[in-house]
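For reference, the structure is listed below as structure tokens.
If you read the sequence from its start, that first residue is 1, and numbering goes on from there.
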Amino acid sequence: MEILKQIEDWIHDCSEVSSKNFLWLVGPPGCGKSAITASIADQCESKHILGAQFFINRNNHNTTNPNCYFPTVARELARQSDTTQRHLYDTLKKQSYSVATLEKAAKLFVDLVGKVASSDPTKPVVILFDGLDETNRDSLEDTARIFSQLFTRFREFPNVKILISSRPEDEILKSFKSAPDKRFVELLLRTDDPTCLRDVKTFLTQRLQTIAERHGLSSIGWPDVDDVEKLAIRASGLFIWAVTASNYINARLRIQGKEILKTVLEQFDEEGMDEIKALYCTILDFSYPQKIGNPWIFETFRRLIGTIM
């Protein structure tokens, strides 16, 4: 996909002249930030250039405390080698970290990342922070400010590559947009951008081909090229729509057969950003049909969803 190619090019540019240490992947909900970040993480891990990753999820309180971000990444980095582990141990022994603060943790992070990067200046050291906007709301402004202050800290290490993904929240925009350092790249994801539309179509094509192979449908020409095109139009640049729809098709294929793709298409005769709710309603309608005989199934569903909400 084009967006992945842009990020890969950024990662492998370790030139002292053109290298940018930070990339901010920013966009609205559903545009595919987490999917892209996860894909980059897998690629970097397979190439042995993934230093560490931290996925922030508001539904997991253990990940939304910013005081945990840098120490967790430092711990992952320390596992890279005995030398790095010894450096972290010596640093902690010399300095007092009995009172954990975000500033102290950031300082430790910078020191350790520099140590890892200097061991091989030609090899990228990739660190990923996904979902910065899901940081505890009371701490988001300070967290964004501290991250923006890091933009100037890795000038000596052009092979340091730190990717941050988030929604365009005001607290983050304020800090990141005012940062003067030029080693910072902003990559904006827009669902109406032609690149995003093409990437969603590419994802659906590859995903449905994989599903077809899994269910033995490749030999009969499923999925139809025109149907994939229509499905991509329905997605309207929303990765979350494409992922949800393809997962649903995969789950129902064995029950409803290859016609499930046309069934999904028939439910949506317009492309549009607001169709995600309609997609969820369609999935629920098929999963819990009105003629189902056991009322306890509905009661179980009601209690489960009621507890979540």
task = Supply the atom-to-atom distance Leu25 CG to Cys31 SG, rounded to the nearest 0.5 angstrom.
result = 7.0 Å
ask   = What orientation do Trp24 and Phe176 show, parallel under 30°, tilted 30 to 60°, or perpendicular over 60°?
value = perpendicular
request  = Could you tell me how the ring of Phe129 sits relative to the ring of Tyr69: parallel (under 30°), tilted (30 to 60°) or perpendicular (over 60°)?
outcome  = tilted
If you define the side chain from C-beta out and look only at heavy atoms, does anything of [X] sit under 4.5 Å from [Y]?
{"X": "Phe54", "Y": "Ile164", "result": "no"}
{"X": "Val125", "Y": "Phe157", "result": "no"}
{"X": "Val26", "Y": "Arg167", "result": "no"}
{"X": "Thr195", "Y": "Arg190", "result": "no"}

ask   = Stepwise, does the side-chain hydrogen bond (donor to acceptor under 3.5 Å, both in side chains) test hold for Asp13 with Ser19?
value = CA-CA 5 Å; Asp13 179 11; Ser19 176; 5.3 Å; no
query = Taking all atoms of both residues into account, what is the closest heavy-atom pair of Ser166 and Asp133, and its distance?
reply = CA-OD1, 3.2 Å
ask   = Hey, is Lys262 close enough to Asp227 for a salt bridge, meaning N to O under 4.0 Å?
value = yes
key: Within 6.0 angstrom of Arg153 CZ, more than 12 heavy atoms from elsewhere   = no
query = Got more than 12 heavy atoms from elsewhere within 6.0 Å of NZ, Lys47?
reply = yes
Using residues 138-147 as the side-chain source, report each donor-acceptor pair under 3.5 Å to any protein atom, sequence neighbours left out, with the distance given to one decimal.
unit_1, atom_1, unit_2, atom_2, d
Thr143, OG1, Ser139, O, 2.7

query = With respect to Asp9, which candidate in Lys5, His12, Gln6 satisfies the side-chain hydrogen bond (donor to acceptor under 3.5 Å, both in side chains) definition?
reply = Lys5
Could you list the donor-acceptor pairs under 3.5 angstrom formed by side chains in residues 35-43, with sequence neighbours left out?
unit_1, atom_1, unit_2, atom_2, d
Thr37, OG1, Lys33, O, 2.8
Thr37, OG1, Asp130, OD1, 3.4
Gln43, NE2, Glu8, OE2, 3.3

query = side-chain contact (heavy atoms from CB on, under 4.5 Å) with Thr83: which residues, sequence neighbours excluded?
reply = Ser81, Lys115
inquiry  = Counting the benzene-type ring for Trp, do Phe184 and Phe151 have ring centres under 6.0 Å apart?
reply    = yes
message = With salt bridge (Lys or Arg N to Asp or Glu O under 4.0 Å) as the rule and sequence neighbours excluded, what pairs involving residues 76-88 come up?
response = Arg86-Asp90
task = State which residues pass side-chain hydrogen bond (donor to acceptor under 3.5 Å, both in side chains) with Asn136; sequence neighbours excluded, sorted by chain then number.
result = none
inquiry  = Going by the rule side-chain hydrogen bond (donor to acceptor under 3.5 Å, both in side chains), which residues pair with Glu171 if we only count those two or more places apart in sequence or in a different chain?
reply    = Arg137
